[in-house]
Every structure is written in C-alpha cells, then in structure tokens.
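Read through the structure below, which is laid out as structure tokens, and then see the notes.
In what follows, chains are A, B, ... by sequence order, proteins preceding strands, each numbered from 1.
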Amino acid sequence: EQKSDRRQSCLLPVVAPPGADGAALLPPSTPVFFAVLKKRLVKLVVNFLFYFRTDEAEPIGALLLEHCRITKEEENVFSISFIEEPERKYCFECDSEEQCQEWIEALKRASYEFMRRSLIFYRNEIQKITGKDPLEQYGISEEARFQLGTRKQ
Amino acid sequence: MKLNERSLAFYATCDSPADNAGFLYKRGERHTAYHRRWFVLKGNMLFYFEERESREPVGVIVLEGCTVELCDSAEAFAFAIRFGGAKSRTYVLAAESQAAMESWVKSLSRASFDYLRLVVRELEKQLEEMRLGTASGCGGCQGSPSSWEKKSSGLEQSLERLPALPGVLPKENGCAVWNNAPGVEQSPNTCSGGPSGEGNPRPLPLPPRRRASSSEAGSSRAAAGESPSTFCWLHERYGREVAQLRQDWLERQRDHQ
C-alpha cells in the first residue's frame, strides 16, 4: 500500500548526455545511449527517486521528480526525462512488464504538483456535493497553493 | 550524493507560483553570523538564493521529516527547521517582522509531501464515503484507497483536464507545454494527443464537468439510487466522456489540416 516505500531492483543504464565529457559531436537532439547496465536498488520516497548500489545503505544519487516525463520504452523499460533537458533519458529496465507498469504509475503520481492537483480536484468535488469547503477543518482553505485556477502551469 | 541539480534549479526558478517567498536571515553552519538570502518555498522544497535576481539557488532544504519551531536566539523573529536523526542539522532562520515569521512558520510546517498526501487521502476517503452514501454496496469496487490507484486511468484523464484555466494542456508531473516540444516521444500513456511540434499548443475542449448544468449534476445524484453511486462509477463516466471528447478533438484537428 505504501507505494512511497517501494524498493525494487532495476537495471539502470548509464546515459551519457550529449555535450558532456567531450562527446559533443552529435547534434543535441540525438539521444546517446552508452548502454552500460548497472544493477541498482531504486527507492521512491515522496517526490525523489533514490538509487543505491545493491550492497550499500547510503544512496549514490537521487532524482527530483518534478516537471518530468515518464515514458514507456521497449519491453520492461521505462524512462524519466526532464523538461529542461528532454533529450536526456534516465532509463530503467525492470524484471517484468508488470513491474514496469507499476513503476510508471507510481512515478507519474510521485510529484508534489500532482498531489496538489489531486487535492484541488477532491476539494472541488466535495464542495460541489456538500456546499462546504472540506479544507476549512484543516485551517488551510485560504492558502494560495490550494486555490482552483491560480496555477499557471 | 548526486542530484539532478539542473532539474532542481529549474524547479526553483520556473514560473510556477511559489508557495512563499521573501528575505530571511540564515545562520551560517560554521560561523554564527546571519546572512540575508532570498528564500523561495515551492512544494516541499525551500530554495535560497544569494540575491533575489540570482539565476540559480545557492542551496535547498527538503522539508520532509522536520519540525518547524520558534527558537530562542539573540536575533529577533527567529525560528528553526529541525531534522531528527544522527547526522541531522538544524537550520536557524530569522524573519524581518513578526508577521513574516508567523507566515513562514505556518507555510513551512505544512509544506511536506507527507502532509499533503495525508490531506489528499483524507479528502479522497470523504468523497468515496459520499459516493457510497447509504447505498448497500458497491458492485465490484473495493471502496478502499487502493482502488483509486488501480482504477485510476479514468481519474487521471479527468485530473489532467482540471478546469483550472481554459487552454490548459494535459500535464504529467506538472509539465504542460512541453508535451508538444519537437523530438519528444509521444508515449501511448499520455493524454496529449494531436499533432506536435507546431509551436503553439492548442487549447483542449473544456472538461465534461464544466458543461454539466446543475440539473445534470442533480440527475446524476438521482441516478445514484439506481446504479451504484461509487467512485468507480465516477471514473467510468468521466473516462468515457473524456475518451469521446478526445476522439472528437482529434478528428477536428485532422479536418482542419
């Protein structure tokens, strides 16, 4: 149930972005894959995706999951890419197609912005039914971040 | 530990509205001198910049698992962000007025993803209880929070067409216009549809809820007595409407070309 505490093994190929380390000869829109698959433990915690070496307790890195795009790639594989660098893909290979779909669903919902939109949606739906603002009991009904229509994304 | 710093910097400086922003004094880690920095609270992250006009943040504090409390300090209007754990540190900040301090303490203590998720789950439960109402049961639907996560495709399509502003494109994780950027693969899971790479994004038709008159809302509640008035039903209904709308819109796009 607690999807935020998922821990799974995924193979994580190291993707070298075009333009870094002198591999800059290809046009920037070409994704470059140096498919060195590394087995990593991947853990989704709130809006961060941590990754660990399989035998270590401290993560080696984390990806912030805001303004990102989760894409199904080939079988068992999904990728994460970010709005400011869309050609760079972080690819993950899972053990099964089912696991792949589970991760895609979990990651799509893992952003703060998604949570916020969900809250506004439910608030609106409940208010339509009851005529009352359900956030009043929490004392947060006036907060700008929960207003319908103030998000300009 | 590596972080996708460019993404963090983008999130900090992009034009999505901040939940709070202003100057605060931050006590240094090693020396106790306070430095005035420009702070921006977005989601569960508190970014700070050297100056208001700086292009990149100097640092970020992730507000999970922390407490925000007033603290005793020689500096007036001081408060602290405290983390538990062995390697934790405490961030001491000071505002420039009582009102600013109260505003920051309030917004920081409610900034965590966990808090937001708690509220969302609570509202989700309330809505589901309203849908179930006095109905004896729900045909085939578990009626638990996990059912939302499993049958979410219809809801996600509805969510991605929230009636926030007209012309708002479907989003994934908060990125809107980007779905139409050239070179970005269109995944079958997205709801964006339509031709891409044309430059200006086209506004989508308003979601079905906008068009529903109050009489339709009334009749759907009346119909609840006949069919199971459950969350699943709501998904189904919106999902079908959205799929039809999307189909119509795609066809219209093709006709215009």
Side-chain angles (χ1 to χ4, degrees), chain A residues 1 3-4 29 45-48 58-73 81-87 90 104-105 107-126 128-130 134-135 138 140 143-145 148-153, chain B residues 1-4 6-11 14-17 19 42-45 62 64 107 110 112-114 116-117 119-120 122-124 126-127 130 145-146 149 152 155-156 158-160 162-165 168 171-176 178-179 181-185 187-190 217 221 234:
Chain A
E1 162 66 32
K3 287 216 156 56
S4 67
S29 60
V45 180
V46 296
N47 50 350
F48 282 91
E58 285 293 314
I60 26 178
L63 295 175
L64 170 67
L65 298 169
E66 301 289 340
H67 297 279
C68 67
R69 186 196 185 100
I70 317 294
T71 311
K72 174 87 173 74
E73 304 286 345
S81 48
F82 295 90
I83 185 171
E84 74 283 355
E85 212 181 356
E87 69 281 358
Y90 297 81
I104 290 174
E105 289 309 306
L107 291 169
K108 279 184 179 172
R109 280 189 224 110
S111 72
Y112 195 96
E113 299 304 312
F114 181 90
M115 277 283 139
R116 194 205 309 266
R117 294 203 308 278
S118 305
L119 185 145
I120 292 173
F121 172 78
Y122 290 127
R123 178 191 191 184
N124 198 42
E125 290 297 303
I126 291 173
K128 283 197 298 198
I129 296 173
T130 65
L135 292 189
Y138 300 105
I140 54 175
E143 293 195 5
R145 59 193 169 130
L148 198 61
T150 58
R151 306 297 299 170
K152 278 208 315 188
Q153 297 172 24
Chain B
M1 193 189 76
K2 268 170 57 176
L3 271 178
N4 52 333
R6 272 183 74 171
S7 305
L8 271 151
F10 177 84
Y11 185 52
C14 74
D15 57 11
S16 64
D19 295 318
K42 276 199 182 177
N44 57 345
M45 274 170 284
V62 180
E64 297 293 332
S107 53
R110 291 186 184 129
S112 72
F113 190 99
D114 273 343
L116 192 62
R117 182 162 51 195
V119 178
V120 169
E122 183 53 41
L123 293 192
E124 188 192 349
Q126 280 184 28
L127 186 60
M130 284 172 203
S146 61
E149 288 178 296
S152 60
L155 178 60
E156 275 185 323
S158 306
L159 277 178
E160 285 172 327
L162 279 180
L165 293 168
V168 171
K171 306 176 187 63
E172 280 186 17
N173 288 324
C175 78
W178 185 50
N179 281 342
V184 174
E185 221 177 70
S187 145
N189 284 332
T190 65
R221 277 201 288 281
L234 189 68

Distance-minimising heavy-atom pair for Gly43(B) and Arg116(A) = N-NH2, 4.2 Å
inquiry  = Less than 4.5 Å to any heavy atom of chain B: does that hold for the side chain of Ile60(A), its backbone, both, or neither?
reply    = backbone
Audit row: Glu105(A), Arg109(A), salt bridge (Lys or Arg N to Asp or Glu O under 4.0 Å) steps and yes/no = CA-CA 7 Å; Glu105(A) 289 309 306; Arg109(A) 280 189 224 110; 3.4 Å; yes
note = Looking only at Arg110(B), Gln126(B), Glu64(B), the option with the highest number of non-hydrogen pairs under 4.5 Å against chain A is Arg110(B)
remark   = chain B shares the most heavy-atom pairs under 4.5 Å, among Thr130(A), Leu119(A), Leu64(A), Leu63(A), with Leu64(A)
task = Apply the side chain to side chain donor-acceptor pair (under 3.5 Å) test between Tyr11(B) and each candidate in His67(A), Glu113(A), Glu84(A); give the one that qualifies.
result = Glu113(A)
ask   = Between Leu123(B) and Arg123(A), which heavy-atom pair has the shortest distance, and what is it?
value = CD1-N, 4.0 Å
